[in-house]
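Since the structure comes first, as structure tokens, the remarks are kept for the end.
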Amino acid sequence: MAGIIFLGPPGSGKGTQAQILAQSLAIPHISTGEILREAITNQTELGKQAKAYVDGGELVPDELLLDLIRERLSQPDAQTSWILDGFPRNIAQAAFLDELVAELGQSCQWAIDLKVPQAVLIQRLLLRGRKDDTEETVRRRLEVYEEKTAPLIEYYQQRGKLHSIDGDRTPEEVAEALKVLVS
Ligand code: AMP
């Protein structure tokens, strides 16, 4: 096995699915969103620097995350396989990850894009009720996704790593499709 990246827009179910898949493969699930939310709750230095960006639906500056990803992928439990959920989020982060993975002698095999229609995303995000899920932030997060993150679909397609999965189904059906894909 090797590294797996979850792309998908906010509300696509990537967090849930990344967690289920990581558990079933018994590999680390690394969610930058979760790491940031925890840092904000604990008011760590990272949390203080990230808060305004996360609250506003913007991406946090790359510098806040690059060292953190380097350290996490260097841990013993991440030497062969991992799931990255929410990273990379832009082309610069993807280029960084390519270099890092090569440097660490690892490989990333799949970039999974969960496809969900925009109207369904908005409905799901507003129902979810997370702190950064207010109507205005939801709109901004979807815009930021289109602008910064969606170009990664082509980036990974060009590298032969992209796999699109229909995310507009029950969580169980999506989980099953993902399991089949990586098995
Ligand atoms: P998520 O849980 O993946 O939707 O992430 C929640 C929020 O954390 C995002 O809206 C961003 O503000 C921030 N975030 C998470 N991952 C990244 C990343 N790779 N680069 C920049 N910001 C991120």
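Counting starts at 1 for both ligands and their atoms, in listed order. Keep in mind that what you see is a predicted model, and the values were worked out from it rather than measured.
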(request) Within a distance under 4.0 Å of any heavy atom of T32, pick out the atoms of ligand 1 and give their elements. (result) 15 (C), 16 (N), 17 (C), 19 (N)
(request) Report the nearest protein non-hydrogen atom to atom 6 (C) of ligand 1: residue, atom name, distance rounded to 0.1 Å. (result) R37 NH1, 3.6 Å
(request) Identify the two heavy atoms, one from L65 and one from F87, that lie closest to each other, and give their separation to 0.1 Å. (result) CB-CE1, 4.3 Å
(request) Mind checking whether L59 contacts ligand 1 via backbone (N, CA, C, O), side chain (CB onward), both or neither, at a 4.0 Å heavy-atom cut-off? (result) both
(request) State the atoms of ligand 1, each with its element, that fall below the 4.0 Å cut-off from a heavy-atom position in E58. (result) 11 (C), 12 (O)
(message) Do L162 and L84 land in one hydrophobic cluster if side-chain heavy atoms of ILVMFWY residues count as linked below 4.5 Å?
(response) yes
(request) Considering non-hydrogen atoms only, spot the tightest contact between K51 and I40 and give its length. (result) CA-CD1, 3.7 Å
(request) Would you check if I69 and F96 make a side-chain contact, meaning some heavy-atom pair closer than 4.5 Å? (result) yes
(message) Once you restrict to heavy atoms under 4.0 Å, what part of L65 touches ligand 1? Side chain, backbone, both or neither.
(response) side chain
(request) Measure the distance from atom 5 (O) of ligand 1 to every protein heavy atom, then report the residue, atom name and distance (to 0.1 Å) of the closest one. (result) R89 NH2, 3.3 Å
(request) Give yes if a backbone or side-chain nitrogen or oxygen of E34 is under 3.5 Å from a nitrogen or oxygen of ligand 1, and no if not. (result) no
(message) Using only atom types and a distance under 3.5 Å, with no angle test, would you say the side chain of Q106 pairs donor to acceptor with the backbone of L73?
(response) yes
(message) At less than 4.0 angstrom from any non-hydrogen atom of G86, what atoms of ligand 1 do you find?
(response) 16 (N), 17 (C), 18 (C), 19 (N)
(request) Please identify which atoms of ligand 1 are closer than 4.0 Å to at least one heavy atom of K14. (result) 3 (O)
(request) Using distance alone, determine whether V60 and ligand 1 share an N or O pair under 3.5 Å. (result) yes
(request) Mark yes when over 12 heavy atoms from residues, nucleotides or ligands other than Q123 sit less than 6.0 Å from its CD; otherwise mark no. (result) no
(request) Could you say whether the N/O atoms of S31 and ligand 1 ever approach to under 3.5 Å? (result) no
(message) If only side-chain N and O atoms count, and only distance matters, is there a donor-acceptor pair under 3.5 Å linking Q19 with Q23?
(response) no
(message) Within the 4.0 Å heavy-atom shell around R141, which atoms of ligand 1 are there?
(response) 4 (O), 10 (O)
(request) Among all protein heavy atoms, pick out the one at the shortest distance from atom 7 (C) of ligand 1; state its residue, atom name and that distance to 0.1 Å. (result) V54 CG1, 4.1 Å
(request) Please name the pair of heavy atoms, one in R124 and one in G11, separated by the smallest distance, quoted to 0.1 Å. (result) NH1-O, 2.8 Å
(request) Below 4.0 angstrom from a heavy atom of Q93, which ligand 1 atoms are there? Numbered from 1 as shown, please. (result) 18 (C), 19 (N), 20 (N), 21 (C)
(message) Need the ligand 1 atom indices (1-based, order shown) with element for anything under 4.0 Å from a heavy-atom of L36.
(response) 8 (O), 13 (C), 14 (N), 15 (C), 23 (C)
(request) Compute both the distance and the angle, then confirm whether R159 meets the cation-pi test with Y155: under 6.0 Å from the six-membered ring centre, within 45 degrees of the axis. (result) yes
(request) Might you point out which heavy atoms bring P9 and L114 nearest each other, and give the distance in Å? (result) CD-O, 3.5 Å
